[in-house]
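Whatever order the structure lists ligands and atoms in, that order sets their numbers, starting from 1. Sequential numbering from 1 along the given sequence is applied to the chain's residues.
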Amino acid sequence: MALNDPAQRNQVIILQDGYSRQEIGDDTAMRANCTCTLVRCRDGTNVLVDTMTAWDGEHLRSLLGEHGLGVDDINVVVCSHGHSDHVGCNYLFQKARMHLVGACASHGDLYMSHFGSGKPDEELALDSNGEVVVIRSPGHTLSCVSVLVNNSQLGGRVGITGDLFERREDIDDESIWKNAGSENEKLQREERSKMAHCCDFIVPGHGPVFSVNALMRKKLKQYAVSSA
Ligand SMILES: [Zn+2]
């Protein structure tokens, strides 16, 4: 088997690019929905990250259908955090062995300590190869998590970060992620820098996937250091 055989990679599939923008004609309102990502692990585990709003059920079913999957084929649901545009369709995935909302793991009415040490560096592997793992990435909310996909078909490591990054442009314009809300700006800056240094690609909470370059890493580190 060839080492770069795509079948031997974990597949990161963006089902829908997220967005967030000011509502036209109403300065007090926003339009937003999350980036929704499917990870098809090479051991057969299917992970869905962030499930959009509660109004997106039929839309999400059809997005999965385009990849030959039904809602019962999802093994694990991960929501980067508990805001309504990231958890809305969790109810569809009744066959999943776990729903992880931030650091809170559950199945039905059973709440599990799978991610419960509280240590900042704890990791939870979702696949049998230990290549797709959940880590804590606090800032936007204090219980935010991200999914790291090693050995991805995009080439390298992908961080699916929820609102740790709002979109690519927030690296140059900090007001974008700050205005989206941050429970701890200093921590979020540190986590953003850490994430950029360990990932080749980032799937942000409300924008398309982007590749991380040296200049971005340098900027994010400077922000983190100067706010320390
Ligand atoms: Zn969000």
Side-chain angles (χ1 to χ4, degrees), residues 12-24 26-39 47-57 59-60 63-64 74 76-93 99-106 115 134-149 158-196 199 201-210 212 216 220 223:
V12 176
I13 299 162
I14 313 294
L15 293 178
Q16 176 167 293
D17 286 334
Y19 58 86
S20 60
R21 58 176 180 266
Q22 202 70 49
E23 170 71 339
I24 296 161
D26 182 352
D27 289 349
T28 67
M30 298 279 295
R31 293 271 176 187
N33 210 344
C34 70
T35 305
C36 178
T37 309
L38 169 68
V39 183
V47 179
L48 190 68
V49 187
D50 287 344
T51 64
M52 304 193 281
T53 79
W55 284 263
D56 292 310
H59 179 47
L60 184 47
L63 291 172
L64 287 167
I74 299 300
V76 180
V77 174
V78 179
C79 302
S80 55
H81 61 293
H83 289 164
S84 58
D85 54 334
H86 296 259
V87 303
C89 292
N90 286 12
Y91 66 94
L92 288 176
F93 304 101
H99 287 189
L100 190 68
V101 178
C104 178
S106 66
F115 207 65
V134 185
I135 60 166
R136 287 178 182 268
S137 54
H140 178 67
T141 75
L142 296 180
S143 73
C144 279
V145 297
S146 295
V147 177
L148 297 183
V149 182
V158 182
I160 306 168
T161 69
D163 295 2
L164 183 64
F165 290 86
E166 183 81 355
R167 56 180 181 268
R168 184 188 196 279
E169 290 75 14
D170 78 8
I171 294 173
D172 289 320
D173 181 358
E174 281 210 302
S175 71
I176 295 174
W177 64 265
K178 286 187 192 170
N179 290 343
S182 176
E183 292 184 1
N184 187 327
E185 291 184 357
K186 179 177 178 298
L187 194 53
Q188 190 161 347
R189 279 200 189 90
E190 290 164 7
E191 292 292 325
R192 284 161 58 84
S193 176
K194 255 199 260 175
M195 189 66 71
C199 289
F201 296 88
I202 285 176
V203 179
H206 293 270
V209 60
F210 59 89
V212 184
M216 290 173 179
L220 290 164
Y223 279 127

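When all heavy atoms are compared, the tightest approach of His140 to Gly181 is ND1-O, 2.7 Å.
For the pairing with Tyr19, the side chain to side chain contact (heavy atoms under 4.5 Å, CB included) check across Met30, His206, Arg31 returns one residue only, Arg31.
Between the side chain of Thr35 and the main chain of Gly207, a donor-acceptor pair closer than 3.5 Å is present.
Distances from the Zn ion (ligand 1) to each N, O or S atom of Asp163 single out OD2 as the nearest.
Interatomic distance, CG of Leu48 versus CD1 of Ile74, reported as 5.0 Å (0.5 Å rounding).
Between the Zn ion (ligand 1) and His81 there is no N/O/S contact shorter than 2.8 Å.
Rounded to 10°, the angle formed at the Zn ion (ligand 1) by NE2 of His86 and NE2 of His206 is 100°.
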